[in-house]
Amino acid sequence: MGYVIRTEEQQAAIDGLRRFLDAEIDPVFSKEYRDKFVPREKMGAILRELTQFGLITGTVSEADGGMGLDWLTMVMLFEEVAATSIDLSVPVLINSFGAQLVAKLAPAHLRERYLPGLLSGDLFCSMGISEPDVGSNVLEIKTRARRDGDHYVINGEKTWISNGSYSDILICTCRTGDDPRRGLTHFLLDRKEHPYEVRDIHKIAWNSQSTAQIFLTDVRVPAANMLGNEGEALKNTLWSFERSRAFVAAQGVGLARRALEEAIRYAKERRQHGKVIAGHQLIAAMLAEMATRVDAARLLTYRAASMIEAGVPAEMEAAMAKYFACEAAVTVARQAVQIHGGNGVTRDFLVEKLAREAIVLPIPEGTTQIQQLIIGRALTGISAF
Ligand SMILES: Cc1cc2nc3c(=O)[nH]c(=O)nc-3n(C[C@H](O)[C@H](O)[C@H](O)COP(=O)(O)OP(=O)(O)OC[C@H]3O[C@@H](n4cnc5c(N)ncnc54)[C@H](O)[C@@H]3O)c2cc1C
C-alpha cells in the first residue's frame, strides 16, 4: 500500500474501520448488492454504523455535535470507505458536506432541527447544483426562487443529484437575482414539507446508490430556510468545493488502491509460461506503475487536506489532487483488468466493476478539464475558462 506517515491515533482509527468494513460491509457491496440498488433503510443502517468511526460526524466541530476530526484523518478514513465501495462512499461524502454546510450556514432553528439527524446518519441530504443545461458552468443556473411575502416559490429542474431518492433534505442552489455571480442563493428544502419529485438515473456504474433528477414545481419554502445570505451561494459553494475535491480525490485513491490490491493478488496466483505472471517483467512493470500512481495520488490528496486543515488557500492543490487521483483511478483500474486477462472482463472478478466505476470519477465535483483550467488560472493568473 506504500509507506505513509501516520500518527498512532490515525493508524488505530484506520485499522478499526478496516476491520469493520472487511467483515460487515464488503460482502454487502461486492456480493449481495453488487450493481443493485441498496434500499434507503439498509443504506441508512450502514451510515449509522459508520458515524461511530468519525465518518460524516468528523466534518462538524464538537461544539456543533460532531467529532471535529482534522482533514488529513478524514481523507484517510474516507479512502478506506472508497476502497471498499465507491457506492457507499457517495452518501458518506454528500451527507458529510451537507452536515458541514448546515453547521456553517444555517440559522439556529434549522441547525437544531436537521443537524443531529444528519450527524447520526438518520437523515439523508442532497446537494442540488447541476441542471440539464448547467454542468461545468454553475453561473448559468436557471432554477428560480421568486420572493412571495415571507416565502420563496421555486421552479426548475436539477439533475445528477447524488442521494436524490434517499434524500430527506435538499440544499438547492437557486437563482434569486440576475447577476451571474451574486444572484445565486442556497435554500434548505424539507422533502415532506416542500415536496419535490425525484427520478433515479441508471448509469454505467454507481447504481447501488441514488443519482437522480429532481423536479421543482411551485415549491413554497419559507424565507427562513435560506442558508447563508441571499446572493452568497456561489461563494459558499466554492468554499465547499475546495474541501470536497480533496474527498473526491480520496475516492480515486481508494478505488485505484483496491484495483492494485486485486491485481497483485491475481498476479501472484495466475500461472502462464511456467511461472506466476508476477514473475514476468512486463507484469512487474505494470504493477510498479500502478503502485506509483496510487501513492502519488495519495500524497497529492494528503497535501491538499493538510493545507485545508492549516487554513491555507488550497484551490489549486485540491484541483491537482482531484484531477490526478481520478484519472489515476481510470488508468490503474484498466491496468488491473489487463492483468486479469479474459477473467478481468467477467463478473466473477471485482476489477470489471472497478473499471466501470473509475470511468465516472473524473466527472462529478468539476471534470478533469475544469480542474486543469483552475490549475492553469492559478499558474498564470489568466483564466482560460
Ligand atoms: C455520478 C454523478 C454524481 C453527481 N452528483 C451531483 C450532485 O450530487 N449534485 C450536483 O449538483 N451535481 C452532481 N453531479 C453533476 C456533475 O457535477 C456534473 O456532471 C459535472 O459538473 C459536469 O457537468 P456536465 O455533466 O453537464 O458536463 P458539461 O459541463 O456539459 O461538460 C461536457 C464536457 O465538456 C468539458 N467542458 C466543459 N466546459 C469546458 C471548458 N470551459 N473548457 C474545456 N472543456 C470543458 C467537460 O470537461 C466535459 O468533458 C454528478 C454527476 C455524476 C456523473
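Order of appearance sets the numbers: ligands from 1, and atoms from 1 within every ligand. Keep in mind it's a predicted model, so treat the numbers as computed, not measured.
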Any cation-pi pair here, Lys203 with Trp160, using under 6.0 Å and within 45°?
no

Stacked cation flag Arg245 on Phe241, 6.0 angstrom / 45 deg:
yes

Ligand 1 N/O within reach of Lys203 N/O, cut-off under 3.5 Å:
no

In the protein, what heavy atom is nearest to atom 49 (O) of ligand 1, and what distance, to one decimal place, separates them?
Gln369 OE1, 3.4 Å

Please could you name the atoms of ligand 1 that Trp206 approaches to less than 4.0 Å, counting only its heavy atoms?
1 (C)

Out of all atoms in ligand 1, which are within 4.0 Å of some heavy atom of Ile129? Include the element for each.
10 (C), 11 (O)

Within a distance under 4.0 Å of any heavy atom of Leu373, pick out the atoms of ligand 1 and give their elements.
40 (C), 41 (N), 42 (N)

Is Ser167 reaching over with its side chain to a backbone N or O of Leu170, donor-acceptor style, under 3.5 angstrom?
no

Take atom 11 (O) of ligand 1 and look for protein heavy atoms under 4.0 Å from it; say yes if you find one, no if not.
yes

Electrostatic pair Arg40-Asp168, nearest N-O below 4.0 angstrom:
yes

The atoms of ligand 1 lying under 4.0 Å from a heavy atom of Ile161, numbered in the order shown, are 7 (C), 8 (O), 9 (N), 10 (C), 11 (O)

Where is the nearest protein heavy atom to atom 31 (O) of ligand 1: which residue, which atom, and how far?
Ser136 OG, 3.8 Å

At less than 4.0 angstrom from any non-hydrogen atom of Gly135, what atoms of ligand 1 do you find?
21 (O), 23 (O), 24 (P), 26 (O), 29 (O)

Find all atoms of ligand 1 within a distance of less than 4.0 Å from any non-hydrogen atom belonging to Val360, and give their numbers and elements.
1 (C)

Applying side-chain hydrogen bond (donor to acceptor under 3.5 Å, both in side chains), run through Gln372 and Tyr323 and close with a yes or a no.
CA-CA 7 Å; Gln372 289 172 327; Tyr323 154 42; 3.3 Å; yes

Flag Asn137 as yes when one of its N or O atoms lies below 3.5 Å from any N or O atom of ligand 1, and as no otherwise.
no

Subset of ligand 1 atoms that lie under 4.0 Å from at least one heavy atom of Glu365
17 (O)

Taking only non-hydrogen atoms of Thr367 and a 4.0 Å limit, the atoms of ligand 1 in range are 22 (C), 46 (C), 47 (O)

